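First the structure, in the form of structure tokens, and then the observations on it.
Being a predicted model, the structure only gives us computed values, none of them experimental. Start at 1 and go down the list; that is how both ligands and their atoms are numbered.
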Amino acid sequence: MGEARWVLLTALAAAIAAVVAFQVPFLPAAGAMLGVTAVAAFVPRRSASRRVRLSTQREMRRMWPGTGMKMTVDALPTPCFVADGRGITRYVNAQALAAYDGVKPGDPLSFSLRAPSLLEAFDRVCSTGDAERISWIEKVPTETWHEAHIAPIYMPGSNAQNRSHNLPDFILVVIQDLTENRRLERMRTDFVANASHELRTPLASLTGFIETLQGPARNDPEAQDRFLSIMLDQAERMRRLIDDILSLSRIELKAHVRPASVVDLSEIIRHTSDALSPLAKDLGVEIRIDLPETAVRLKGDRDELIQVVENLVENALKYGSIGNYVDVGLSAHPEDQDLAYWILSVRDYGEGIPSEHLPRLTERFYRVDVDSSRALKGTGLGLAIVKHILTRHRARLEIESEPGEGATFKVWLPALEKSDEPEQPATAQQD
Ligand SMILES: Nc1ncnc2c1ncn2[C@@H]1O[C@H](COP(=O)(O)OP(=O)(O)OP(=O)(O)O)[C@@H](O)[C@H]1O
Ligand SMILES: [Mg+2]
């Protein structure tokens, strides 16, 4: 036994004696190190390499996750936690820091992740070493859907005992927010259900009249005329609905492609108001137009912008007819030094829209009063189409209304930038 070993043994004995006799505050880590070193000093020399290996593994576990793992976790696009087998958070990426308040390495994972099903799954992965995928819903503050993938991590050359019991050294928890996906899924299923329902009603009516014409009304020319005219109305209603659905899906297809052509918005407003003047006359409403003197040129798709103006003015005429007037205006609004907007406003003086309906008006098939919309031949898709067209034009829609005061629909359309103007050829001047 060398002299150094005796020195260490003496130091250990002295430390123990000091704690027992003088109640010296004993730092557990320092004590353990001293103990480990002292005991190691007496282990026979032939296991030296194994000792080195063990302490390297311990050190690796203490230091882990290393730079490589941190870089990988940082590169993940969703919140990601690395915890040890005791459930202590060891590392989190920036997405986790942003999504979970007060998350801190060193704290128990349960401080930041509170969903009971997630914590139970975490415990199962710790004890079985089998990866799990679970999903859960959080109700507060709003309903949100989440999914977590919980995977075990084994260190290279992991402790043999851990390996034989399949116990992971660390656990990786990757969380995904599924709220947007679920919302889109729900919208799609709602859309199919609503569209089928809207088509089923006129179809049922058509079938009923055909049976009547084949049976009781077979020899009644007067009833036949009446029923055929109702059938034509129902067929028209189905056609309008199918046209609107197709129009919506066509616009959705090119939602991300901004129109390239330059159009004159004043001309579009004049054209559309003329086209709607027979309807205005039928409803006893006057359309008053207030446009700038000069052309208002901006980037847009002419047919789609006609659809926007048509939908807004038609709604104002139909739902605001008791106000007798509909005002259509166009004015410039400088947002800041570089960017300017044209504001198209359509104002009616009808019954207005209760505020709780305003945020939902652009949803497909949403109507304040389904019966009156149907009676006015509405499909409930007009404003949904408007919203999609405006998104494509980088424009936005604002709706203001007070019950009893009518409604104003404002469309903010980006003005033409210098770079959008087609180049004028140098020889453009002609007699
Ligand atoms: N100016 C308005 N005043 C009062 N209510 C309105 C006005 N504009 C829209 N609404 C309400 O918003 C609902 C949705 O309008 P939207 O244009 O999307 O559908 P619609 O007019 O019923 O059918 P469509 O436009 O497809 O013919 C309407 O049913 C109506 O209840
Ligand atoms: Mg409409």
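- A donor-acceptor pair under 3.5 Å is formed between the side chain of Arg240 and the backbone N or O of Lys377.
- Ion pair Arg186/Glu363 not flagged as a salt bridge, since none of the NZ, NE, NH1 or NH2 atoms sits closer than 4.0 Å to an Asp/Glu carboxylate oxygen.
- With a heavy-atom cut-off of 4.0 Å, Thr362 does not touch ligand 1 at all.
- Partner of Ile150 under the side-chain contact (heavy atoms from CB on, under 4.5 Å) criterion, chosen from Val173, Asp123, Val174: Val173.
- Side-chain contact of Tyr349 with Asp327: a donor-acceptor pair under 3.5 Å is present, judged by distance alone.
- Contacts between Leu376 and ligand 1 below 4.0 angstrom, taking non-hydrogen atoms only, are absent altogether.
- Ligand 1 places these atoms under 4.0 Å from at least one heavy atom of Asp244: 26 (O).
- Between the side chains of His333 and Ser331, no donor-acceptor pair is found at a separation under 3.5 Å.
- Put simply, part of Lys318 is less than 4.0 Å from ligand 1, judged by heavy atoms.
- Atoms of the protein (N, O or S only) found under 2.8 Å from the Mg ion (ligand 2) are Asn315 OD1.
- Checked by atom type, the side-chain pair Trp136/Glu138 shows a donor-acceptor distance below 3.5 Å.
- Remark: minimum distance from atom 22 (O) of ligand 1 to any protein heavy atom is reached at Ser373 OG, 2.7 Å.
- Across all non-hydrogen atoms, the minimal contact from Pro168 to Tyr154 is CA-CE2, 3.5 Å.
- At a 3.5 angstrom cut-off on N or O pairs, Arg367 does not count as close to ligand 1.
- Within the listing of ligand 1, atoms 25 (O) sit less than 4.0 angstrom from a heavy atom of Asn311.
- Under the 30°/60° scheme for interplanar angles, the aromatic rings of Phe81 and Tyr100 are found to stand perpendicular.
- Between Gly378 and ligand 1, no pair of N/O atoms sits closer than 3.5 Å.
- Proximity of Gly380 to ligand 1 is established by a heavy-atom distance of less than 4.0 Å.
- Considering backbone and side-chain N/O of Gly382, one or more are found under 3.5 Å from N/O of ligand 1.
- From the protein, the heavy atom lying nearest to atom 9 (C) of ligand 1 is Asn315 ND2, 3.5 Å.
- The shortest contact between atom 7 (C) of ligand 1 and any protein heavy atom is with Tyr319 CD1, 3.7 Å.
- For the residue pair Asn194 and Tyr366, no side-chain donor N or O sits within less than 3.5 Å of a side-chain acceptor on the partner.
- At a 4.0 Å heavy-atom cut-off, ligand 1 does not touch Ile385 at all.
- A 4.5 Å side-chain heavy-atom check between Leu413 and Leu265 finds at least one atom pair inside the cut-off.
- In this structure, Glu351 places its CD atom where only 12 or fewer heavy-atom neighbours from other residues, nucleotides or ligands lie under 6.0 Å away.
- At most 12 heavy atoms of other shown residues, nucleotides or ligands fall within 6.0 angstrom of atom CD in Glu402.
- Ranking the protein heavy atoms by distance from atom 24 (P) of ligand 1 puts Thr379 N, 3.5 Å first.
- In terms of polar-atom proximity, Tyr366 is not counted as a contact of ligand 1, lacking any N or O under 3.5 Å from an N or O of the ligand.
- Listed by first and then second residue, the ring pair (Phe, Tyr, Trp, His ring centres under 6.0 Å) pairs involving residues 213-241 are Phe209-Phe227 (not counting sequence neighbours).
- Taking atom 18 (O) of ligand 1 as the reference point, the nearest protein heavy-atom neighbour is Leu383 N, 2.8 Å.
- Residue Phe409 has at least one heavy-atom neighbour below 4.0 Å for each of these atoms of ligand 1: 1 (N), 8 (N).
- Put simply, the side chain of Thr89 never gets that close to the backbone of Ala83: no donor and acceptor are under 3.5 Å apart.
- A donor-acceptor contact under 3.5 angstrom links the side chains of Asp244 and Thr379, judged on distance only.
- The only member of Arg250, Lys387, Arg392 that meets salt bridge (charged side-chain N to carboxylate O under 4.0 Å, His left out) when paired with Glu304 is Arg392.
- Counting protein heavy atoms only, atom 31 (O) of ligand 1 is closest to Val368 N, 3.0 Å.
- Scanning all protein heavy atoms for the shortest distance to atom 5 (N) of ligand 1 gives Ile353 CG1, 3.5 Å.
- Remark: minimum distance from atom 12 (O) of ligand 1 to any protein heavy atom is reached at Leu361 CD2, 3.4 Å.
- Looking at ligand 1, you won't find any N or O of Gly352 less than 3.5 Å from one of its N or O atoms.
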